[in-house]
Amino acid sequence: MAVHGSRAVHVMRAFHLDGFLDTEIGGYSSDDDHRPALVAVAQERARTKYGTTAFSRSNTVIIGDSLEDVRTGLEGGAPVIGVASGKTTAAELSTAGADVVLDSLEDVPRLLDAIVKTTHDRN
């Protein structure tokens with residue numbers, strides 16, 4: 001899993017999800033000002049690091065708590081798991097186009113199920 005920004009790394013650690021995290025393959029604001037372009041940056045880094053696997057919508061997911069995160073996934077070509085733990089409500093995330101909306105990251109099995117569902121149910 002790649003993440004955007006140091007805040008995301010801290011959140012992942014707080015919920016003991018950092019074991020699923022590889023910050024070397026992330027897409028960061030220093031890579032491109034246009035956030036949706038960061039999806040392709042992270043996918044290319046993952047392909048380079050992990051070999052010949054092509055990273056696409058079928059095996060990439062954006063997890064975020066803002067409308068900007070939803071837009072990043074939609075425009076960048078990745079499904080979005082919205083997390084209504086910030087200023088944006090679950091209804092707003094859903095209306096913006098998030099594929100799945102969770103109330104928080106506290107239910108780790110539900111988060112992992114959402115990742116599997118949003119990546120493996122697509123072709």
Side-chain angles (χ1 to χ4, degrees):
M1 177 185 302
V3 298
H4 171 76
S6 61
R7 179 179 172 272
V9 173
H10 293 296
V11 170
M12 298 300 282
R13 284 186 186 136
F15 288 99
H16 307 289
L17 296 169
D18 50 324
F20 299 100
L21 179 68
D22 184 347
T23 58
E24 291 179 7
I25 63 170
Y28 300 98
S29 58
S30 59
D31 296 318
D32 196 310
D33 290 336
H34 182 61
R35 284 190 60 192
L38 300 178
V39 175
V41 169
Q43 288 171 328
E44 178 58 24
R45 286 183 178 150
R47 188 198 60 75
T48 299
K49 182 172 182 178
Y50 293 109
T52 60
T53 300
F55 287 86
S56 67
R57 183 172 176 81
S58 68
N59 58 9
T60 303
V61 63
I62 300 296
I63 301 171
D65 65 357
S66 72
L67 298 178
E68 186 66 16
D69 294 328
V70 175
R71 184 179 74 83
T72 296
L74 293 176
E75 291 182 21
V80 179
I81 298 173
V83 182
S85 59
K87 295 178 182 177
T88 310
T89 68
E92 290 169 325
L93 292 166
S94 181
T95 299
D99 297 273
V100 174
V101 178
L102 306 176
D103 292 326
S104 76
L105 295 176
E106 292 176 6
D107 187 346
V108 175
R110 186 163 178 226
L111 171 62
L112 296 177
D113 285 345
I115 292 169
V116 169
K117 182 180 187 310
T118 58
T119 57
H120 290 89
D121 286 352
R122 302 190 184 271
N123 295 319

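Quantities reported herein were computed from a predicted structural model and do not represent experimental measurements.
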Can you name the residues that form a side chain to side chain donor-acceptor pair (under 3.5 Å) with [X], not counting sequence neighbours?
X: T89; answer: E92
X: S30; answer: none
X: T88; answer: none

Q) So, for A37 and D32, which heavy atoms are closest and what is the spacing to 0.1 Å? A) CB-OD2, 3.5 Å
Q | Closest approach of A42 to G27 (non-hydrogen atoms, all atoms of both residues) | A | CB-N, 3.8 Å
Can you tell me how far [atom2] of [Y] sits from [atom1] of [X], rounded to the nearest 0.5 angstrom?
X: I62; Y: T118; atom1: CD1; atom2: OG1; value: 10.0 Å
X: Q43; Y: I25; atom1: CD; atom2: CD1; value: 10.0 Å
X: L102; Y: D113; atom1: CG; atom2: CG; value: 10.0 Å
X: L93; Y: D99; atom1: CG; atom2: CG; value: 11.5 Å

Let me have the donor-acceptor pairs involving side chains of residues 103-111, under 3.5 Å, with sequence neighbours excluded, atom names and distances please.
residue : atom : partner : partner atom : Å
S104    : OG   : E106    : N            : 3.1
D107    : OD1  : R110    : N            : 3.2

Q. For S56, what residues pass the side chain to side chain contact (heavy atoms under 4.5 Å, CB included) criterion, not counting sequence neighbours?
A. S58, N59
(Q) For A14, give me all partners under side chain to side chain contact (heavy atoms under 4.5 Å, CB included), at least two apart in sequence or on another chain. (A) none
(Q) Whether the T72 and D69 side chains hold a donor-acceptor pair (N or O, under 3.5 Å, no angle test) is what I'd like checked. (A) no
**Q.** Within residues 74-90 or reaching into it, pairs that qualify as salt bridge (Lys or Arg N to Asp or Glu O under 4.0 Å) - sequence neighbours excluded
**A.** R71-E75
**Q.** For D31, all residues meeting salt bridge (Lys or Arg N to Asp or Glu O under 4.0 Å), sequence neighbours excluded
**A.** R45
